> 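Shown below is the structure under consideration.
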Amino acid sequence: MKRTVLALLVILPALLVLMPAALVYYLADRGPQSPPPAPADAQHQPSVSLPIKVYRTERQVVETVPLDQYIAGVVAAEMPAEFELEALKAQALAARTYIIRRLAAGSFDDVPAGAHVLDTVQHQAYLDEEQQKMRWGSDYEWKSRKISQAVRETAGLIVTYQGKPIDATFFSTSNGFTEDAEDYWQQPIPYLRSVASPWDQESPRFQQQVVISTAELEEKLGTRLDTPASTNGGWFAVLERTTGNRIGRVRIGSKVFTGREVREKLGLDSTAFTMKLAAGRVVITTKGYGHGVGMSQWGANGMAKAGKSAEQIVKYFYQGVDVQDFRQVLQL
């Protein structure tokens with residue numbers, strides 16, 4: 001009897017201490033749980049979906065689409081879906097920056113009434129879902145998923161300089177260097193500076209050759225090749241080169257032109273070109289494809305292959321920039 005009483009005297013106090021602790025543990029384990037950490041992508045999801053009013057040039061109507069659907073359509077039109085995911089994400093950042101910059105400026109004088117943007121390269125090329133299906137055929141599903149991933153993983157993010165969205169210009173292929181803005185548009189822009197882009201040599205447009213008659217060249221440029229200088233082999237002379245090693249100024253026949261003037265008048269791929277006469281014809285060799293200012297798409301793909309992130313890519317081609325949420329710019 002004494003042993004039983006002694007045991008009770010020892011066990012009961014222990015139970016009084018342990019049972020409340022057990023109840024707390026039990027209820028805490030079964031009670032409301034903290035939500036799991038949000039995926040990294042979700043941290044950039046905008047809380048608003050901006051309507052983008054796109055003027056569809058072929059049908060001559062204004063079509064309203066959600067922001068991310070518009071960005072996906074631009075990436076689909078502007079960059080091969082076969083490119084690396086980080087390159088596609090860099091393109092999505094540039095495309096979103098472009099349209100947010102237009103919205104922030106609020107000036108739409110260059111589009112039909114009611115529209116924000118054209119669906120052509122005058123602004124940004126854009127393909128809707130049906131156009132993507134027509135272009136990609138049986139590859140539509142995987143290409144669409146990949147581009148959607150690029151848009152989703154950059155959702156809400158744009159490229160800024162001193163807190164404002166940049167003029168996120170881009171082009172296909174460089175000649176090995178991008179161009180200073182003032183060397184093409186005569187206006188210096190601090191973040192659009194020349195940088196090396198050696199990856200572009202993989203592009204099928206890195207070097208091209210076209211042949212035209214001397215008569216056609218003379219007509220399109222409004223010059224004459226049969227000058228004394230031409231007779232002595234001096235009909236083509238580079239007078240000035242740009243920082244990006246393109247033609248700044250050149251004498252062709254009897255006139256002096258900028259590289260941009262020659263490119264636009266002759267419809268050349270690039271302002272990096274040489275010319276040679278051969279049996280009454282002019283052989284023109286170009287390097288690169290596009291104006292050369294801003295982000296090289298083939299350069300971006302090469303950087304992505306080398307393991308660079310989308311943010312690293314845009315910060316390389318656009319000097320001194322930041323990547324931030326567009327709501328901080330539009331104050332939404």
Side-chain angles (χ1 to χ4, degrees), residues 38-79 81 85 88-136 140-141 143-161 163-170 294-295 310-311 314 318 321-332:
D41 301 340
Q43 295 174 8
H44 302 306
Q45 287 286 358
S47 60
V48 294
S49 179
L50 291 178
I52 306 300
K53 299 178 180 180
V54 188
Y55 184 73
R56 307 313 310 274
T57 309
E58 288 186 5
R59 293 186 283 122
Q60 297 185 346
V61 297
V62 175
E63 181 179 330
T64 302
V65 297
L67 173 63
D68 282 354
Q69 182 179 327
Y70 170 71
I71 301 306
V74 172
V75 176
E78 294 282 10
M79 179 175 274
L85 179 63
L88 292 167
K89 288 165 66 174
Q91 184 69 56
L93 286 170
R96 189 179 294 106
T97 302
Y98 182 89
I99 189 62
I100 294 298
R101 188 171 190 261
R102 283 185 66 85
L103 294 177
S107 178
F108 310 112
D109 296 340
D110 57 348
V111 293
H116 293 146
V117 67
L118 300 178
D119 64 355
T120 68
V121 293
Q122 185 175 335
H123 292 156
Q124 297 188 119
Y126 169 81
L127 297 175
D128 60 28
E129 185 177 357
E130 289 305 312
Q131 290 173 314
Q132 292 171 34
K133 288 178 178 178
M134 288 180 63
R135 173 177 288 192
W136 295 332
Y140 169 77
E141 292 296 335
K143 288 186 175 183
S144 178
R145 282 196 304 270
K146 188 175 181 183
I147 288 174
S148 294
Q149 181 181 355
V151 174
R152 184 174 65 252
E153 292 186 5
T154 61
L157 298 179
I158 60 171
V159 186
T160 62
Y161 182 80
K164 296 180 180 180
I166 69 168
D167 186 1
T169 61
F170 56 88
M295 183 178 72
E311 183 168 342
V314 296
Y318 307 116
V321 301
D322 295 307
V323 175
Q324 66 182 107
D325 194 304
F326 76 82
R327 290 172 295 182
Q328 298 172 6
V329 176
L330 293 187
Q331 299 180 343
L332 297 174

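Computed over heavy atoms, backbone and side chain alike; hydrogens, waters and symmetry mates excluded. These numbers were taken from a predicted model, which means no experiment stands behind them.
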> Does Glu78 use its side chain to pair, donor to acceptor, with the backbone of Ala125 at less than 3.5 Å?
yes
> Can you tell me how far CD of Gln91 sits from CD1 of Ile147, rounded to the nearest 0.5 angstrom?
9.5 Å
> Identify, with sequence neighbours excluded, every residue that meets ring-ring contact (aromatic ring centres under 6.0 Å, His included) alongside Tyr70.
Tyr126
> To the nearest 0.5 Å, tell me how far Glu129 CD sits from Gln131 CD.
11.0 Å
> Taking only residues two or more places apart in sequence, or in another chain, which ones meet Tyr161 in a ring-ring contact (aromatic ring centres under 6.0 Å, His included)?
Tyr191
> For Ala95, check side chain to side chain contact (heavy atoms under 4.5 Å, CB included) against everything at least two apart and list the hits.
Ile71, Val74, Gln124
> Sequence neighbours left out, what passes side chain to side chain contact (heavy atoms under 4.5 Å, CB included) with Asp110? Give chain and number order.
Arg102, His123
> Show the nearest heavy-atom pair for residues Ala77 and Leu127, with the distance to one decimal.
CB-CG, 3.6 Å
> Run Gln69 and Ile52 through side chain to side chain contact (heavy atoms under 4.5 Å, CB included) and show every step you take.
CA-CA 9 Å; Gln69 182 179 327; Ile52 306 300; over 6 Å; no
> Salt bridge (Lys or Arg N to Asp or Glu O under 4.0 Å) with Glu311: which residues, sequence neighbours excluded?
Lys315
> Kindly check if the number of other-residue, nucleotide or ligand heavy atoms within 6.0 Å of NZ (Lys53) is above 12?
no
> For Arg101, what residues pass the salt bridge (Lys or Arg N to Asp or Glu O under 4.0 Å) criterion, not counting sequence neighbours?
none
> Minimum heavy-atom separation for Ala113 and Val62, please, with both atom names.
O-CG2, 4.1 Å
> Can you see whether Asp322 engages Thr160 through a side-chain donor-acceptor pair at a distance of less than 3.5 angstrom?
no
> Kindly indicate whether the side chain of Thr97, heavy atoms from C-beta on, has any atom under 4.5 Å from the side chain of Ile166.
yes
> Using the salt bridge (Lys or Arg N to Asp or Glu O under 4.0 Å) criterion, which residues pair with Lys146? Sequence neighbours excluded.
none
> Quick one: list whatever passes side chain to side chain donor-acceptor pair (under 3.5 Å) with Asp128, sequence neighbours left out.
Arg56
> Do Glu63 and Tyr55 touch side chain to side chain, with heavy atoms closer than 4.5 Å?
no
> A side-chain contact here means heavy atoms from C-beta on lying under 4.5 Å apart; do Ile158 and Val323 qualify?
no
> Would you check if Val54 and Leu118 make a side-chain contact, meaning some heavy-atom pair closer than 4.5 Å?
no
> Would a 4.5 Å heavy-atom cut-off, applied to side chains only, mark Ser148 and Asp68 as touching?
no
> Please name all residues satisfying ring-ring contact (aromatic ring centres under 6.0 Å, His included) with His116, sequence neighbours left out, ordered by chain then number.
Phe108
> Considering residues at least two apart in sequence or located in another chain, which fulfil the side chain to side chain contact (heavy atoms under 4.5 Å, CB included) criterion with Ala310?
Glu86, Lys89, Ala90, Leu93
> Which atom pair, heavy atoms only, marks the closest approach of Ala94 to Tyr318?
CB-OH, 4.1 Å
> Using 0.5 Å steps for rounding, measure from the CG atom of Leu67 to the CD1 atom of Ile99.
8.0 Å
> Name all residues meeting the side chain to side chain contact (heavy atoms under 4.5 Å, CB included) criterion together with Pro51; count only those two or more places apart in sequence or in a different chain, and write none if there are none.
Thr64
> Rounded to the nearest 0.5 Å, what separation is found between the CD1 atom of Ile100 and the CZ atom of Arg327?
11.0 Å
> A side-chain contact here means heavy atoms from C-beta on lying under 4.5 Å apart; do Arg96 and Val151 qualify?
yes
> With sequence neighbours excluded, what pairs up with Phe170 under the ring-ring contact (aromatic ring centres under 6.0 Å, His included) test?
none
